[in-house]
Structure formats: C-alpha cells, structure tokens
Amino acid sequence: MAGIDITTGKWIRLVTSKDGGVFPKEMIDENHFKELNVLDVEVKAHVPCNVQSENWLFDENTKIKKIGNLSPQQVFSLHTVEKPKTIFGTTGNELQKDEIKKLNHSLEIIKANELQFDTSMKGDGRHHYKLRFKYNGHEYNLALTDPKFRNEDFDQIRIPCATIIISIPAMPYEENGLYYKFVAKILI
C-alpha cells in the first residue's frame, strides 16, 4: 500500500518486512480503506529495499485509523504530478538491472493520454490486464494492478486523459531478471 505523507509530500509504501513484504490486502478490505483516504499509521523504521526507497516498516501491533479524505487536487498540492522525460528513465515496459541501479525511487505519478484497457486470457485460464497509453510522445503497454479497473468490462474502453501511478517491483521477474513497470492506480 503506497501513498503520500501529508506532512512531507513524499511517497511512502507500507511494508511488513525489511525485504519489502507486501502489505496485506485483507487489512485494507477489512477496514474499508479506499484511495484518497487519510490514514494515521504507526511505522517502525524506514526500510529501503533495492529500488523501493519509499518503503516503511508498518507496526503490525498498532491499528491504522482513517482520519479523513482528500480530493485528487489536494493530493496533487501535496505531491505534484511528475513530468519526467520518460517513465523510470526508459521508453520500454521493463528495466534491466543496470537501469534499476540508476534509480532512487519506484513510484511515479504522471498524466497519461489515450488510455486503452486490454484484457486477454492466459493459457492457464487467468485474465491478464494491461493498460496502453501515451506519455510524452512514447507509447507504453503496462500490466494493470488497480483492482478498480481489473475487469473484463473495461476491455477496449478508451479514456482521453488520466493521472496514473506507476510502480516497479523490488525484485526482478525470476524467469528473465527484468523489472516490469506496472500501473498501480488510475485516478480519473
């Protein structure tokens, strides 16, 4: 789970272990946390892991409290939409290990154009969700993990413009050693 620290305007990602343990989805669902909620969270320590410099170790012995909501405009006043030349320094959909070493962050928020959702079926019967879009003259085709848009009903839908949050994993894909960029959140 990632967000913006309302006191510093910097990205934070809550993790459950020093090696980037993923925040439990069940905890988000059980507490009905949604995007743009303001949460009061206790953290133990800053625990950067590889390129994920934003990681903070969540204190699992404390309760997360929802203390408010922000509008997208309020969030963007805390942390402006970024305008890098390319996403994570490349025009491709993945990063090599040497490209990862040049980065000091794993989250970017950008304004994308000509968004199109694509759903396909994998050989094992699972759906595969992707988002094609243009940014700064380059076309990207990234995996989509935003649960709000992981639905076959969005297949082939086009959106002229949206703000999106893109992330990269702490560890590479085991089969080929590449770090694949993915769309974590779409804010329309």
Side-chain angles (χ1 to χ4, degrees), residues 1-16 20 22-43 46 51-59 62-88 103-119 129-138 140 142-169 181-188:
M1 178 166 73
I4 305 295
D5 183 328
I6 62 171
T7 58
T8 66
K10 294 181 180 178
W11 281 111
I12 62 167
R13 177 186 284 111
L14 297 178
V15 295
T16 58
V22 177
F23 192 85
K25 182 181 178 322
E26 302 79 37
M27 187 174 286
I28 296 168
D29 294 343
E30 288 170 8
N31 291 291
H32 307 288
F33 297 139
K34 306 259 189 264
E35 63 189 52
L36 304 176
N37 284 166
V38 178
L39 305 176
D40 183 14
V41 179
E42 294 291 325
V43 293
H46 184 218
V51 73
Q52 290 186 344
S53 61
E54 308 88 354
N55 291 2
W56 285 84
L57 184 60
F58 165 64
D59 185 348
T62 63
K63 185 166 174 60
I64 299 175
K65 298 176 202 128
K66 179 181 163 191
I67 59 173
N69 293 300
L70 294 178
S71 69
Q73 292 72 26
Q74 290 170 312
V75 172
F76 302 149
S77 71
L78 293 169
H79 185 97
T80 58
V81 173
E82 297 154 11
K83 297 179 181 176
K85 203 175 211 180
T86 57
I87 298 171
F88 295 116
L103 294 176
N104 63 358
H105 65 288
S106 66
L107 293 161
E108 291 186 354
I109 184 168
I110 63 160
K111 184 82 75 173
N113 298 307
E114 299 180 37
L115 292 83
Q116 180 177 339
F117 298 88
D118 287 316
T119 304
Y129 302 95
K130 298 207 77 165
L131 182 68
R132 286 192 310 207
F133 62 91
K134 289 188 179 174
Y135 174 72
N136 208 15
H138 303 285
Y140 294 86
L142 305 182
L144 175 63
T145 61
D146 185 341
K148 188 174 171 182
F149 294 94
R150 287 176 60 91
N151 186 319
E152 302 84 58
D153 294 341
F154 288 99
D155 194 34
Q156 301 301 315
I157 289 180
R158 296 173 189 264
I159 299 172
C161 183
T163 301
I164 62 176
I165 299 170
I166 301 170
S167 184
I168 48 179
K181 303 171 190 176
F182 60 93
V183 177
K185 184 58 66 185
I186 301 171
L187 301 169
I188 297 176

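Owing to the predicted nature of the structure, the values given are computational and were not obtained by experimental measurement.
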Just by distance, do the side chain of Glu54 and the backbone of His105 share a donor-acceptor pair under 3.5 Å?
no
Leu70 CG to Ile4 CD1 distance, which is reported to the nearest 0.5 Å:
10.5 Å
Heavy-atom donor-acceptor pair, Glu82 side chain to Ile109 backbone, under 3.5 Å
yes
Closest contact, heavy atoms only, Leu144 versus Leu131
CB-N, 4.4 Å
How many angstroms lie between NZ in Lys34 and CD1 in Ile28, if you round to the nearest 0.5 Å?
10.5 Å
How far does NZ of Lys185 sit from OG1 of Thr163, to the nearest 0.5 angstrom?
13.0 Å
Output all residues satisfying side-chain hydrogen bond (donor to acceptor under 3.5 Å, both in side chains) with Thr7, sequence neighbours left out; order by chain, then residue number.
Asp5
Begin from the C-alpha positions of Thr16 and Val22 and carry the test side-chain contact (heavy atoms from CB on, under 4.5 Å) through to its verdict.
CA-CA 6 Å; Thr16 58; Val22 177; over 6 Å; no
Just by modelled atom types, is the Ile87 backbone N or O under 3.5 Å from a matching donor or acceptor in the Lys181 side chain?
yes
Who pairs with Gln116 by side-chain contact (heavy atoms from CB on, under 4.5 Å), at least two apart in sequence or on another chain?
Asp118, Arg132, Gln156, Arg158
Would you name the heavy atoms of Ala184 and Thr145 that are closest together and state the gap between them?
CA-OG1, 3.4 Å
CZ-CZ distance between Phe23 and Arg13, expressed to the nearest 0.5 angstrom
13.0 Å
Can you find a heavy atom in the side chain of Leu36 that is under 4.5 Å from one in the side chain of Asn69?
no
Please confirm whether the backbone N or O of Ile168 pairs with a side-chain atom of Gln52, one donor and one acceptor, at under 3.5 Å?
yes
With salt bridge (charged side-chain N to carboxylate O under 4.0 Å, His left out) as the rule and sequence neighbours excluded, what pairs involving residues 106-117 come up?
Glu114-Lys134
Take Asn37 and His32, measure what side-chain contact (heavy atoms from CB on, under 4.5 Å) needs, and give me the verdict at the end.
CA-CA 10 Å; Asn37 284 166; His32 307 288; over 6 Å; no
Please enumerate all residues that pass side-chain contact (heavy atoms from CB on, under 4.5 Å) together with Ser71, with sequence neighbours excluded.
Gln73, Gln74
Check each of Ile12, Leu39, Val15 against Met1 using the side-chain contact (heavy atoms from CB on, under 4.5 Å) test, and report the only one that passes.
Leu39
Working to the nearest 0.5 Å, report the span between CD1 of Ile110 and CZ of Phe88.
9.0 Å
For residues Val41 and Phe58, report the shortest heavy-atom separation together with the two atoms involved.
CG1-CD1, 3.7 Å
Looking at Leu78, I want to see if its CG is surrounded by more than 12 non-hydrogen atoms of other residues, nucleotides or ligands under 6.0 Å.
yes
Counting only N and O atoms by type, is there a donor-acceptor contact under 3.5 Å from the side chain of Asn136 to the main-chain atoms of Lys85?
yes
Has Tyr135 got a side-chain atom pairing as donor or acceptor with Pro84's backbone, closer than 3.5 angstrom?
yes
Leu57 meets the side-chain contact (heavy atoms from CB on, under 4.5 Å) criterion, sequence neighbours left out, with Lys44, Val47
At their closest point, which heavy atom of Cys161 faces which heavy atom of Asn113, and how far apart are they?
SG-OD1, 3.6 Å
What's the shortest heavy-atom distance between Ile165 and Leu107, and which atoms?
CG2-CD2, 4.2 Å
For Ile188, what residues pass the side-chain contact (heavy atoms from CB on, under 4.5 Å) criterion, not counting sequence neighbours?
Phe149, Ile159, Ala162, Ile186
On a heavy-atom basis, the closest approach of His46 and Ser53 is NE2-O, 2.7 Å
Using modelled atom types only, decide if a donor and an acceptor are shared between the side chain of His79 and the backbone of Gly9 within a distance under 3.5 Å.
yes
Main-chain N/O of Ala112 paired to Tyr140 side chain as donor or acceptor, under 3.5 Å
no
